[in-house]
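Written out below as C-alpha cells is the structure these notes cover.
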Amino acid sequence: MIDTWYKLVDALLPFDWAHYVFMKNALLAVFVVTPVYAVLGTMVVSNRMAFFTDVLGHSALAGIAIGVICGIHDPTWPMIGMAVILAVLVNVFKGWTRASMDTTLGVFLAFMVALGVTLLSRQGGFVKYTRYLIGDVLAVTPSEIAWLAFISLAVLAYWCLAGNALILTSVNRSLARSRRIRVFLLETSFTVLLAVVVMLSIRLVGVLIINSLLVLPAAASRNFARDTRAYTSWAVIFSMVSGVAGLVMSYYWGTASGATIVLFLVGCYVASAAAAHIVKDQRQGRAG
Amino acid sequence: MLSQNKHDDPDDAALRCRHCCIRIDGLTVRLAGTLILDSVDLHVHCGEVLAIVGPNGAGKTTLLRAILGEVPYRGSMSSLIGGIERRRPRIGYVPQKLQFDLDSPLSVADLVVAAVSHRPVWLGISRRRREQARKILGVFAADNLTERRIGELSGGELQRVLLAIAMTAKPELLLLDEPASGVDVQGLALFYQLVCDLKRRHDISVILVTHDIPGIAAYVDRLVLLNRRILAEGDPGEVLSDAQWRHAFGMDLWPAAALPGLTAGRPA
C-alpha cells in the first residue's frame, strides 16, 4: 500500500524534497491527520475547550513517565490511557459544578506536567524526552500512519453519526437534552476520541504544538464562516494547506515541521481576520 | 362517560387533572449538599400557561433543568395525555437568548436541520431539507430568517426560531426559560401571542420561568411564586394582590398601571 503512495509521489511531485522516503511518509501523515485536527477543532473552538485540549496534550508527559516506570517500551498506550482517564474525569467534574472549569483545568495541567517532569527527570534524564515536546513528523513510520488513518476514519464515522447532536449540544445543553440527546455520553465520547487523536499525534508534533493545530484552523475559519459547512470546510482547507506548506518549508529551512506548520496557520488566522474586518467595514460603509 | 361529564365541569380541577395533565410531585433537588428545591408539587393542565416567578437564586432554572432530566432529583413526574400515563412528557424547550454564543458560525437553517434530522449539516444542507426548514420556520413567521446567522438575529427573532424548533418535537409540555431576557417589548408581545395561540390550538401545557411579572400577567392562567419551595399559587390577580407577596417581590413599588392584567381582570 505504502509503495503505491511512494510511486504516486515520484510521478506527481518531481521536487527535491519529495525524493526522500521520510518526506513521503511525512506528507502522507500530514494528509491523513490535518483534516482530522480541523474537524475536531471546530467543535473544540465552539465549545471553548482550547484550554482543555492543551491540558490533554500536556498529560502526555505524565503518560510517558508512567510508561517508563512500568517498563513499557512504547509509551503510546499509557499516554492514551492517561488522557482517556483525564477526559472522563473532566467531564464528570463538569457535571458536578456549573462554575467555570478554568481553575480546575489549571490544577490538572500543573499536576500532569509536574508529575511527568518529576518522574522523567530522575537522574537528570529529561533531555532524552525533549523530542516529545516538539515532536518529529519526519520520523513517522508506515505503521503509525496506518494507525492514524484508522482513527481518522473513526472520527469521520463519528462526525457523520453525532455531528448534529454535537452542534445542538454546543449551542445549548438544555436544548440538546430536550431533543433527547444524551449529553454526558456525547461529550464524554467526543473528549475520549479527542484524547486518542491527541495522544497518537504527540510523537509527530509534540506536546507544545498539538493544541495550536487543533485550535487555529477552526479559529481562522470562524473569522468569516457563516454556516456550519463553510466553517468545517474552510478549517479543513486551512489545516491541509498549512500542513503541506509548513512541511515543505521546514525541509528548506531546516526547522521543526510542527512549529513551521503552526506559523503558516497563524498566517491564515491573521489573513482571515484582516479580510473579515475589511469586508465588514465595506458593508457598514455601504449601509451608512 | 361519567368522567367525561365531570370533566366538563370547569371547577372540578382534580378530575380534569386526572384526564389530562402534567404532574410533578415532591420534586426535591439537592446540589453539592445545598437544598435548591424543596418538595415542589406542580400540576399543569393541558392548554394552561403556568408562570413561575421568584427572586434570583429561587431555583427557577433548576426546576426547568430537573424537568428536562438534566439534574438529578427526588420526587416523581408523570404525564397523562388522552388517558395514557407516561413517566416523562414530550418536552419542547425554548432557552433564553443570553445563553447563546453570538459569534457562532451557525445559520438558522443549520440549527433547524441539526435538530430535526440525522443527516449531518456539516456536509451541507440539501434543497429538500432547506425547504423543510423554511416550512417549520414559516409557522412562526420566521421563514425569511433561514439563511441568517443566529448571531445576527434580534432577541425576538431568535425566540421565534427556537419556538419553531421546540414545536417540531410535538411537545405535550413547552418550557420557556426567561422569555423576556434580551427581547424588546414588541417582540415579546408577539411571542406571548404565539404561545397563547399554540396552547389553544394544540392544547399543550406551558411552563414559563420569568422575572417579567407585569409583562406576563395578561397571558398566564396561573402564577406560582417559588423560592426553594412554592410560596403561593393561583390566579395571577389573587396571588399578586396579596400585600405580603407584593412586598416580598418588591412589587409594592410598582404603579398599578404596570399590572394591567391584574387590575382589569383576565383577557380572553
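These numbers come from a predicted model, not from an experiment. Sequence lines set the chain letters: A, B, ... in the order given, protein chains first and strands last, and positions in each chain run from 1. Note that these values count all heavy atoms, side chains included, but never hydrogens, waters or copies made by symmetry.
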**OP:** Under 4.5 Å heavy-atom distance to chain B, tell me which part of A:Leu175 shows up: side chain, backbone, both or neither.
**Re:** both

Original post:
Checking heavy atoms, do the side chain of B:Ile125, its backbone, both or neither come under 4.5 Å from chain A?
Top reply: neither

**OP:** Would you indicate whether A:Phe108, at its atom CZ, is surrounded by more than 12 heavy atoms from other residues, nucleotides or ligands within a distance under 6.0 Å?
**Re:** yes

Original post:
Of the non-hydrogen atoms in A:Leu168 and B:Ala114, which two are nearest, and what is the gap between them?
Top reply: CD1-O, 3.9 Å

Original post:
Relative to chain A, which segment of B:Leu175 carries a heavy atom at a distance below 4.5 Å: side chain, backbone, both, or neither?
Top reply: neither

Original post:
For the side chain of B:Trp122 and the backbone of A:Trp159, is there at least one donor-acceptor N/O pair under 3.5 Å apart?
Top reply: yes

Original post:
Under 4.5 Å between any side-chain heavy atoms of B:Asp103 and A:Arg222, yes or no?
Top reply: yes

**OP:** Kindly indicate whether the side chain of B:Arg65, heavy atoms from C-beta on, has any atom under 4.5 Å from the side chain of A:Arg173.
**Re:** no

Subject >> chain A contact via B:Glu147 - side chain, backbone, both or neither, heavy atoms under 4.5 Å >> reply: backbone

Original post:
In this structure, are over 12 heavy atoms from other groups packed under 6.0 Å from A:His277 atom NE2?
Top reply: no

Subject >> Under 4.5 Å from a heavy atom of chain A, the part of B:Pro89 involved >> reply: backbone

**OP:** Name the option with the most non-hydrogen atom pairs under 4.5 Å to chain B; the candidates are A:Cys160, A:Ala162, A:Gly163.
**Re:** A:Cys160

Subject >> Test item: A:Thr232 and B:Leu123 side chains (from C-beta on) under 4.5 Å apart, heavy atoms >> reply: no

Original post:
Are the side chains of A:Trp234 and B:Pro105 in touch, meaning some heavy atoms are under 4.5 Å apart?
Top reply: no

**OP:** Return yes if some donor-acceptor pair links the side-chain N/O of A:Asn164 with the main-chain N/O of B:Ser117 below 3.5 Å, else return no.
**Re:** yes

Subject >> Member of B:Val113, B:Leu106, B:Asp110 meeting the side-chain contact (heavy atoms from CB on, under 4.5 Å) criterion with A:Ile167 >> reply: B:Leu106

Original post:
Would A:Arg179 and B:Thr168 count as having a side-chain donor-acceptor pair, cut-off 3.5 Å?
Top reply: yes

**OP:** Sort B:Arg119 into side chain, backbone, both or neither according to what part of it lies under 4.5 angstrom from a heavy atom of chain A.
**Re:** backbone

Original post:
Do other residues, nucleotides or ligands put more than 12 heavy atoms under 6.0 Å from A:Phe111 CZ?
Top reply: no

**OP:** Identify which part of B:Ala166 has an atom lying under 4.5 Å from any heavy atom of chain A, answering side chain, backbone, both or neither.
**Re:** backbone

Original post:
Side chains of A:Arg226 and B:Ser107: does their closest heavy-atom pair fall under 4.5 Å?
Top reply: no

